[in-house]
Every structure is written in structure tokens, then in C-alpha cells.
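What you see is a predicted model; the values in this text were computed from it and never measured.
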Amino acid sequence: QVQLVESGGGLVRTGDSLRLSCAASARNLYSYALGWFRQAPGKEREFVATITWSGGIAYYGGSVRGRFTISRDKAKNTVILQLNSVKPEDTAVYYCAAAFGNPLGNKESFYSDSDVYDDWGQGTQVIVSS
């Protein structure tokens with residue numbers, strides 16, 4: 001089990017940048033991928049990005065590719081989501097999540113499925129004003 005605590009949300013304006021952090025508490029994250037999902041009011045949870053802990057391979061959702069960057073700090077057991085050029089449609093609660101295992105086949109499809117993530121943080125609110 002991985003305990004996850006998000007931080008860094010807030011109110012920003014269109015075009016601004018924001019950095020979200022997720023501190024992970026676990027004995028060994030080697031076989032995990034840590035990612036971010038978001039959920040806007042009245043909408044389904046949406047995949048944002050994931051990074052494999054061991055190899056640092058990143059996967060992105062289509063709506064954020066090219067604007068958001070996910071990275072990990074192994075020394076601090078932290079996953080970082082850098083949000084650039086934010087838009088009002090980026091407004092949502094952002095959740096950090098952990099998925100165990102190294103899937104075969106289409107990894108991008110696997111990691112975009114919220115059902116494969118067993119551990120979730122409480123979420124951090126991001127509001128983008130126009």
C-alpha cells in the first residue's frame with residue numbers, strides 16, 4: 001500500500017504555470033507507476049499523466065500533452081506535475097495515484113485506466129480563471 005499526499009493546488013490565471021507535488025510513502029516504489037488524474041465538477045475522472053518509478057517513462061493524456069510535464073524525485077519519493085499554459089478547462093481536483101506492476105502490451109492504454117490504480121491521494125484543487 002502507498003500513501004499519497006498532494007500539494008500545490010491553487011487559483012491561477014489562464015496562461016500561468018503551476019506545480020503540483022505528490023509525496024509517496026512506501027517501502028519500495030520500484031514496481032510502481034505514479035500518476036495524476038483530475039475530475040471537474042459534473043465530469044468523469046480524466047487521466048492526466050503517469051510516470052514509471054524505475055524507468056521514468058512518462059505517459060500523457062491527450063488534453064494535456066505538450067503543456068504538462070510529469071517527473072519524479074527518487075530521493076524525496078515525490079512525483080511532480082508541472083502545469084504550463086493552463087486553461088480554464090484545466091480546472092479540477094487533481095488526484096495522485098499509484099499503480100503496481102509492469103504491464104505487458106499497450107502500456108499507455110493500461111496506465112490511462114483509473115481502475116489499475118489501487119492507492120489514491122485526497123486531491124488538490126486547481127482553479128484557472130479566464
Exercise for review: Quick one: sort the Tyr111 and Tyr59 rings into parallel, tilted or perpendicular, breaks at 30° and 60°.
Suggested key: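 The rings of Tyr111 and Tyr59 sit tilted, inter-plane angle from 30° to 60°.
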Straight-line distance of [X] [atom1] to [Y] [atom2], nearest 0.5 Å:
X: Gln39; Y: Ser114; atom1: CD; atom2: OG; answer: 9.0 Å
X: Tyr60; Y: Leu81; atom1: OH; atom2: CG; answer: 8.0 Å
X: Ile80; Y: Arg19; atom1: CD1; atom2: CZ; answer: 4.0 Å
X: Ser25; Y: Leu4; atom1: OG; atom2: CG; answer: 8.0 Å
X: Gln122; Y: Gln3; atom1: CD; atom2: CD; answer: 10.5 Å
X: Tyr94; Y: Thr124; atom1: OH; atom2: OG1; answer: 10.5 Å

Check whether more than 12 heavy atoms from other residues, nucleotides or ligands sit under 6.0 Å from atom [atom1] of [X], and answer yes or no.
X: Glu89; atom1: CD; answer: yes
X: Arg65; atom1: CZ; answer: yes
X: Lys43; atom1: NZ; answer: no

Review point. Ignoring hydrogens and geometry, is there a side-chain-to-backbone donor-acceptor pair from Glu6 to Cys22 under 3.5 Å?
Key: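 A pair under 3.5 Å: no.
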Practice item. Using modelled atom types only, decide if a donor and an acceptor are shared between the side chain of Thr52 and the backbone of Ile57 within a distance under 3.5 Å. Key: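 Answer holds: yes.
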To check you understand the geometry: which heavy-atom pair defines the closest contact between [X] and [Y], and what is its length?
X: Pro88; Y: Thr14; answer: CD-OG1, 3.4 Å
X: Gly123; Y: Val93; answer: CA-CG1, 3.9 Å
X: Val48; Y: Val64; answer: O-CG2, 3.3 Å
X: Thr78; Y: Trp53; answer: N-CH2, 3.7 Å
X: Ser71; Y: Ile51; answer: CA-CD1, 3.8 Å
X: Val116; Y: Ala99; answer: O-CB, 3.5 Å

Do [X] and [Y] sit in one hydrophobic cluster, given that two such residues count as connected whenever their side-chain heavy atoms are within less than 4.5 Å of each other, even indirectly?
X: Val126; Y: Phe37; answer: no
X: Leu18; Y: Val79; answer: yes
X: Phe100; Y: Phe47; answer: no
X: Leu20; Y: Val2; answer: yes

[X] vs [Y] side-chain heavy atoms within contact, under 4.5 Å:
X: Thr91; Y: Gln125; result: yes
X: Leu29; Y: Asn77; result: yes
X: Asp90; Y: Arg67; result: yes
X: Trp36; Y: Phe68; result: no

Exercise for review: Please assess Lys87 against Val128 for the test side chain to side chain contact (heavy atoms under 4.5 Å, CB included), listing each intermediate value before the final yes or no.
Suggested key: CA-CA 6 Å; Lys87 306 174 183 179; Val128 182; 5.5 Å; no
Point to revise | Tyr117 side chain to Thr50 side chain, donor-acceptor N/O pair below 3.5 angstrom | key: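 There is such a pair (donor and acceptor under 3.5 Å, judged by atom type) between the side chains of Tyr117 and Thr50.
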